[in-house]
2 protein chains.
Amino acid sequence: METVGRLAGVSQVTVSRALNDPKKVSANTLKRIQDAIELTGYVPNMVAGALASKRSQLIAALVPSITNVIYSDLMQNFIDVIRGSGYHVLMAETGFSQEEEQAVLSTMLSRRPDGILLTGIHHSAGCKRMLLGAGIPVVEVWDTTESPIDVCIGFSHIRAGEEMAQFAFERGYRNAIAVSAGDERALRRKDAFCARFAKLTGTRPDAICFESGATIERGRNGLARAIDSGFRNGLVMCSSDLLAHGVLIEAQSRSISVPGDIAVMGFGNQDFSAFTLPALTTVDINRKHLGAQAAEALVARIGNQELPEKCIDVGFQIIPRASA
Amino acid sequence: METVGRLAGVSQVTVSRALNDPKKVSANTLKRIQDAIELTGYVPNMVAGALASKRSQLIAALVPSITNVIYSDLMQNFIDVIRGSGYHVLMAETGFSQEEEQAVLSTMLSRRPDGILLTGIHHSAGCKRMLLGAGIPVVEVWDTTESPIDVCIGFSHIRAGEEMAQFAFERGYRNAIAVSAGDERALRRKDAFCARFAKLTGTRPDAICFESGATIERGRNGLARAIDSGFRNGLVMCSSDLLAHGVLIEAQSRSISVPGDIAVMGFGNQDFSAFTLPALTTVDINRKHLGAQAAEALVARIGNQELPEKCIDVGFQIIPRASA
DNA sequence: TTGTACGCGTTATCAG
DNA sequence: CTGATAACGCGTACAA
């Protein structure tokens with residue numbers, strides 16, 4: 001900046017102004033400064049800027065997994081919007097565990113982010129303490145709660161599970177089995193589904209749960225295990241479209257007709273879900289909208305705006321297709 | 001740090017030492033400092049540290065897309081390893097365009113990253129100039145070249161396409177069609193495949209190319225268009241497993257037998273590829289290894305080590321399964 | 001082993 | 001509209 005200033009015949013401070021608030025500088029000197037920047041190839045140093053201004057222009061985003069489209073899709077839109085507001089995103093994986101989340105958060109905070117995006121509403125006491133200590137806006141996505149740390153944007157997994165059961169019941173299914181990934185939110189949907197389905201039909205569905213994430217392979221394996229345990233007819237409720245797709249494939253390989261013999265419901269309405277055979281009945285979450293809204297909420301909170309509601313429920317929508 | 005120091009009865013510098021190089025401090029004072037840190041809830045400020053030491057401990061990573069498993073899988077391992085070395089990753093999407101890459105890079109550089117991960121080997125002149133100006137290590141992944149900016153780690157897309165053709169020829173296929181996504185590397189594989197297949201059989205395969213990325217939907221659409229244009233028998237070469245999976249589904253929906261009527265090859269060996277019906281013949285890239293190796297190379301270069309080779313070819317491997 | 005003095009490249013405050 | 005000066009919180013060099 002010093003160099004640029006000398007070239008333009010002004011002081012270093014004026015260069016700083018020209019960059020951060022151009023209208024505070026006369027058109028004439030602004031031009032000279034821009035030329036000098038062009039000439040020298042000067043690149044601003046945001047770490048110095050961050051130190052001086054106490055604004056890092058950095059957002060920390062903690063997601064369970066970046067390879068899971070569910071989250072990367074959300075992040076893509078989040079990042080897009082947040083970058084439009086001049087921020088950079090420090091992204092990290094927390095792997096569905098609160099301990100990992102806390103460890104990651106602690107190193108993240110040393111970057112002095114201006115805001116934080118968290119996935120889910122269950123965080124360790126240590127996490128909450130650190131967040132409080134940091135004193136920065138926090139947005140929790142992908143779930144709802146009455147008592148968010150700061151604000152939360154998502155949907156009710158319990159209601160989602162319940163409405164899946166209601167849908168299944170209304171479509172005439174009286175027997176069901178659940179195939180679920182091992183993460184806490186998937187299990188919550190599964191439990192809500194089973195409970196409501198039991199209430200409606202009188203029989204509580206069995207459940208097949210995997211330790212970790214959803215894959216097509218586990219979906220195939222899930223149906224195989226269901227069949228082994230005697231499941232022949234009814235609805236297979238899957239905690240994700242990936243599992244459901246696997247169920248579809250396994251059914252086909254065993255010449256089990258869908259939805260003739262068994263019906264299948266997924267969750268997430270992924271890109272492929274309209275194009276499986278048969279097309280997958282699933283639950284749509286508007287992930288792009290969710291990501292964008294989370295970004296906007298965060299930017300607003302960083303600007304010290306109060307949001308109309310502490311907790312925004314973006315809802316979900318059951319998409320009936322051929323599989324159930 | 002000042003406060004922590006006072007509490008522990010030492011100066012600020014000693015606290016800094018205790019954090020960065022504990023063995024430079026006596027066990028006694030170290031203990032007192034750690035207690036003081038615990039008591040105050042002190043969180044180090046890496047932005048100040050970065051400014052003072054001129055090491056940001058930040059790596060910028062530019063990938064075409066974070067929703068594409070191909071890249072997010074690579075990034076997952078890259079981030080894992082890089083975090084193990086004490087760095088944070090600043091990740092951004094470049095969307096397959098050189099202009100976007102340059103725009104993103106320019107804002108990234110103002111964070112003064114210690115190193116950069118780039119995807120591919122084709123970058124705008126502006127990019128190269130900025131990179132040279134930054135004077136930091138650069139690792140280019142997912143491709144190979146004789147003249148990398150700094151070091152590159154990947155595989156030859158041309159050889160991959162050629163070996164796919166060779167494989168198809170040896171399996172007895174004499175007719176083929178290519179279905180490709182629109183990105184430059186996919187097209188390079190497609191062109192190499194078509195050229196080699198033509199050389200081997202005397203007939204150059206037609207190609208169906210999409211403007212943008214691969215999806216199952218486009219795979220289905222690709223086969224539909226192939227059929228419309230008269231394709232009845234032979235191999236469908238797909239630029240990715242996602243497209244191939246779509247082809248498989250479309251074939252099934254039309255009662256076209258695979259590999260009886262048509263054969264299908266994918267690329268990428270994704271999680272699901274062994275579990276489609278039939279299982280997908282594809283090309284495996286060891287993405288986890290690639291990500292880890294890129295991270296290690298970057299860390300080594302940041303430590304001013306010279307690598308034995310400027311360009312590391314991690315190769316690829318054709319995985320023969322039932323579909324071709 | 002510990003402390004002093006200084007500088008990193010900006011922004012904020014105040015004065016002109 | 002512009003400039004001087006003082007932080008920002010830490011690491012480095014050197015001295016003790």
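Reminder, nothing fancy here: chain letters follow the sequence lines and each chain counts from 1.
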In whole angstrom, give the distance that lies between atom [atom1] of [X] and atom [atom2] of [N].
X	N	atom1	atom2	result
B:Met1	C:dG3	CE	C1'	15 Å
B:Asn28	C:dT2	CG	P	8 Å
A:Glu2	D:dT2	CD	C1'	15 Å
A:Leu51	C:dG7	CG	P	16 Å
A:Leu19	C:dT11	CG	P	7 Å
B:Lys54	C:dT10	NZ	P	10 Å

* Which parts of residues 7-14 of chain A get close to DNA chain D, meaning a heavy atom less than 4.0 angstrom away? ->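 The answer is A:Val10, A:Ser11, A:Val13, A:Thr14.
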* Is the backbone of A:Val10 close enough, under 3.5 Å, to the side chain of A:Thr14 for a donor and an acceptor to pair up by distance? ->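 A pair under 3.5 Å: no.
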* Taking only N and O in the side chain of A:Thr29, is any of them less than 4.0 Å away from OP1 or OP2 of D:dT2? -> yes
* Asked: Would you say D:dA13 has OP1 or OP2 under 4.0 Å from some side-chain N or O of B:Arg17?
  -> no
* Taking five pairs at each end, how big is the angle between the two axes of the helix from C:dT1-D:dA16 to C:dG16-D:dC1, to 10°? -> 30°
* Answer with yes or no whether the side chains of A:Ser110 and A:Thr107 bring together a donor and an acceptor at under 3.5 Å. =>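 Judged by distance alone, the side chains do not pair up.
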* To do: Give a yes-or-no answer on whether the side chains of B:His123 and B:Glu101 include a donor-acceptor pair shorter than 3.5 Å.
  => yes
Minimum heavy-atom distance between [X] and [Y], given as atom pair plus value:
X	Y	answer
B:Asp143	B:Cys152	O-SG, 3.9 Å
B:Ile153	B:Ala294	CD1-CA, 3.6 Å
A:Gly154	A:Thr144	C-CG2, 3.6 Å

* Is any side-chain N or O of A:Arg112 under 3.5 Å from a base N or O of D:dG9, one able to act as donor and the other as acceptor? -> no
* Kindly indicate whether the side chain of A:Leu90, heavy atoms from C-beta on, has any atom under 4.5 Å from the side chain of B:Leu90. => yes
